[in-house]
Participant: 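First, the structure itself, so that you have it in front of you.
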Amino acid sequence: MAALRDGLATLVEDEALRDRVDIMTVDAFAGRVVSTSRRPLRGGEEETRWGQAARATGFSGTGQFLAQEYKHVVLAQDLRTLEGYESCERRGRGSALPSSSRALVWRTIEEFTGRLSADGLRTYLGTCAEVADLLESCGPRYRHVVVDQAQDLHPVQWRLLRAAAPSRPDDLFIAGDPHQRIYDSKVSLKAVGVRVAGRLTKMRKNYRSTHEILSWATALLVGRPFEQLADDARNETLLGYRSSLHGTRPEMLGAASEAAELDGLVERVRGWLDSGIAAGEIEVSARFNKNGDKAVDRLRQAGIPAARLRGDTVSEADAVQVGTMHAFKGLEFRSVAVIGASVGALPFPKAVTPIEVDRLQHAADLLAERCLLFVACTRARDDLYVSWTGEPSTFLVEAGV
């Protein structure tokens, strides 16, 4: 949000006019509309609650299955009744569910939502669905809505955004990049009332990263060595992106120990600083918070100013910014170090549905993890450095590292 506010301030000098623009996440908007006192579920609470509901109804499947069924089928298709659920097509689901089993699943979903209400709890998507209904009946709150990072929104969030502004030629402006999808939502905009036919513009020129960084990151996304992705005369990558910027190829370090990897990070960052790059123009990105904390400690021990990025808010502008890959989404830096790109971290096993549970969700989860690494690497404009301890991520191996 901080980056968007800074961008708005650059585009609109009139402070009074800027004050008429609200900048927030979809979930924050939903929470503002209903002003609910119910607390949203945190972390692993949802799967635990699904397990409790399953035990209450006698459903023998996993909490993970129920959570995904609720998200990708019930909420995604806006199903309100057992009859609707029994007759729906479970698009995108790779796990079989006989019609005879749907009644029990539906009862378990009702048990889950009922227990949440009784305990003063809610899910973020459930709140979005509630607010979408409210706006559809009471009317929109805005004249225009600009949607950024559109590729990661769930169908119920799209229903909310569609209801937030009246239907007119200039109602919604949508910007997104499917190659940066780091969540597993799938949506038909037409199905949620958003009409884009004949109004699409595809942007193929990349203004952030050099050609060398973009081509290398493309190899991660496609799972092929970047040597096989030779550009044609128009300087295009396999995905159709173009970049007019050129620089050095990404630098990599495979370390034998975590301490050695952190030492390598210090050396690389110090080299950037010595070359005249300001500390605030340098980013260190990690898959997990614990890796970021260790990087901050090690950089500070070496006398290099470093600070944790919280959300997307820069706390110390004159310090190296350190955070998770998710936190840096939408931001850019002159030089970027991606650390901890080891096997077991990317893809992270807990983020990937087992193939025996749902083969389609398994593939979608792997792609989301692949996109996450792509996003982390393409935050860099001029310099990219990637390191790992022990064995590298399978994504790096497939890309020919």
Side-chain angles (χ1 to χ4, degrees), residues 151 177-182 203-255 261 264-265 267-269 271-272 275 277 281-287 291 295 321 323-326 328-343 345-348 366-401:
Q151 71 277 355
D177 182 352
H179 304 121
Q180 296 190 41
R181 180 179 288 117
I182 63 174
M203 301 178 66
R204 295 187 180 277
K205 189 166 185 178
N206 184 291
Y207 292 92
R208 174 186 292 127
S209 304
T210 64
H211 169 73
E212 288 74 17
I213 291 173
L214 188 59
S215 295
W216 188 87
T218 296
L220 296 175
L221 202 57
V222 201
R224 290 174 52 196
F226 55 80
E227 288 84 357
Q228 297 179 15
L229 306 181
D231 294 348
D232 62 19
R234 294 174 298 164
N235 197 32
E236 293 189 344
T237 71
L238 185 66
L239 295 180
Y241 283 118
R242 300 190 307 276
S243 177
S244 57
L245 303 173
H246 278 273
T248 59
R249 285 176 59 174
E251 181 182 348
M252 283 153 282
L253 171 69
E261 184 180 2
L265 173 67
E267 182 179 351
R268 178 63 277 174
V269 171
W272 285 333
S275 70
I277 299 173
E281 296 180 300
I282 300 173
E283 169 209 325
V284 177
S285 179
R287 180 66 172 83
N291 296 85
Q321 299 299 306
T324 64
M325 295 176 178
H326 289 87
F328 283 110
K329 194 170 189 292
L331 302 181
E332 61 181 78
F333 290 80
R334 185 172 174 183
S335 303
V336 170
V338 176
I339 63 172
S342 308
V343 66
L346 291 158
F348 182 44
L366 279 179
L367 180 58
E369 289 286 290
R370 204 181 277 277
C371 287
L372 182 60
L373 182 56
F374 174 82
V375 167
C377 293
T378 52
R379 300 309 90 198
R381 191 188 80 187
D382 300 328
D383 307 299
L384 174 63
Y385 169 88
V386 181
S387 69
W388 61 89
T389 298
E391 297 296 320
S393 162
T394 53
F395 298 151
L396 294 173
V397 174
E398 291 169 354
V401 172

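Quick note: residue numbers are just sequence positions, from 1. Computed from a prediction, not measured in an experiment: that's the story for all the values here.
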Participant: Measuring from atom CG of L373 to atom OG1 of T378, what distance do you get when rounded to the nearest 0.5 angstrom?
Facilitator: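 The distance works out to 9.0 Å.
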Participant: Indicate the atoms forming the closest heavy-atom contact of S393 with P347, along with that distance.
Facilitator: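 What the structure gives for the nearest pair is OG-N, 4.4 Å.
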Participant: So, R379 side chain and F333 main chain: donor-acceptor pair closer than 3.5 Å or not?
Facilitator: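 Here the side-chain-to-backbone pair does not exist.
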Participant: Where is the tightest heavy-atom contact between L396 and A341, given as atom of each residue plus distance?
Facilitator: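 The pair with the smallest heavy-atom distance is CD1-O, 3.6 Å.
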Participant: What is the distance from atom CD of E283 to atom OG of S335, rounded to the nearest 0.5 Å?
Facilitator: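 It is 10.0 Å, given to the nearest 0.5 Å.
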Participant: side-chain hydrogen bond (donor to acceptor under 3.5 Å, both in side chains) with D382: which residues, sequence neighbours excluded?
Facilitator: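 For D382 the side-chain hydrogen bond (donor to acceptor under 3.5 Å, both in side chains) partners, ignoring immediate neighbours, are R334.
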Participant: Go through the structure and list residues passing side-chain hydrogen bond (donor to acceptor under 3.5 Å, both in side chains) with E251, not counting sequence neighbours.
Facilitator: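 Checked E251 against side-chain hydrogen bond (donor to acceptor under 3.5 Å, both in side chains); matches are R268.
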Participant: Got V338 and M325 here, is their nearest side-chain heavy-atom distance under 4.5 Å?
Facilitator: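 Result yes, sub-4.5 Å side-chain heavy-atom pair found.
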Participant: With distance as the sole test, does S285 use its side chain to make a donor-acceptor pair with the main-chain N or O of A376 at under 3.5 Å?
Facilitator: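 No: the side chain of S285 does not pair with the backbone of A376.
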Participant: Apply the side chain to side chain contact (heavy atoms under 4.5 Å, CB included) test between Y385 and each candidate in L253, V284, V269, V336; give the one that qualifies.
Facilitator: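 In the set L253, V284, V269, V336, the residue that makes a side chain to side chain contact (heavy atoms under 4.5 Å, CB included) with Y385 is L253.
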Participant: Report the C-alpha separation of E281 and Q321 in whole Å, then their side-chain angles, then the decisive distance to 0.1 Å, and conclude whether the side chain to side chain contact (heavy atoms under 4.5 Å, CB included) test is met.
Facilitator: CA-CA 8 Å; E281 296 180 300; Q321 299 299 306; over 6 Å; no
Participant: Under the side-chain hydrogen bond (donor to acceptor under 3.5 Å, both in side chains) rule, collect the residues that match up with T389, sequence neighbours excluded.
Facilitator: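 If we apply the side-chain hydrogen bond (donor to acceptor under 3.5 Å, both in side chains) test to T389, skipping adjacent residues, the hits are E261.
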Participant: Please find the pair of heavy atoms, one from W388 and one from S342, that lie closest to each other, and give the distance.
Facilitator: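 Answer, listing the atom of W388 first, then S342: CB-OG, 3.4 Å.
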Participant: If you take all heavy atoms of R381 and I213, which pair is closest and at what distance?
Facilitator: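 Heavy-atom minimum between the residues: O-CD1, 4.0 Å.
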Participant: With distance as the sole test, does S215 use its side chain to make a donor-acceptor pair with the main-chain N or O of E212 at under 3.5 Å?
Facilitator: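 Not at all, since once roles are kept as given, no pair shorter than 3.5 Å links the two residues.
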Participant: Between CG of L367 and CG of L221, what distance do you get to the nearest 0.5 Å?
Facilitator: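 So the CG of L367 and the CG of L221 are separated by 6.5 Å.
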Participant: Give the minimum heavy-atom separation between G323 and F328, together with the two atoms involved.
Facilitator: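 Smallest interatomic distance, heavy atoms only, reads N-CE1, 3.2 Å.
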Participant: Counting distance only, does the side-chain N/O of E369 pair as donor-acceptor with the main-chain N or O of F348 below 3.5 Å?
Facilitator: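 Yes, because the side chain of E369 sits within donor-acceptor range (under 3.5 Å) of the backbone of F348.
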Participant: Do L214 and L245 have side-chain heavy atoms sitting under 4.5 Å apart?
Facilitator: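 Counting from C-beta outward, L214 and L245 never come under 4.5 Å.
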Participant: Give me the atom names and distance for the closest heavy-atom approach of L220 to F395.
Facilitator: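 Scanning both residues, the minimum pair turns out to be CD2-O, 3.8 Å.
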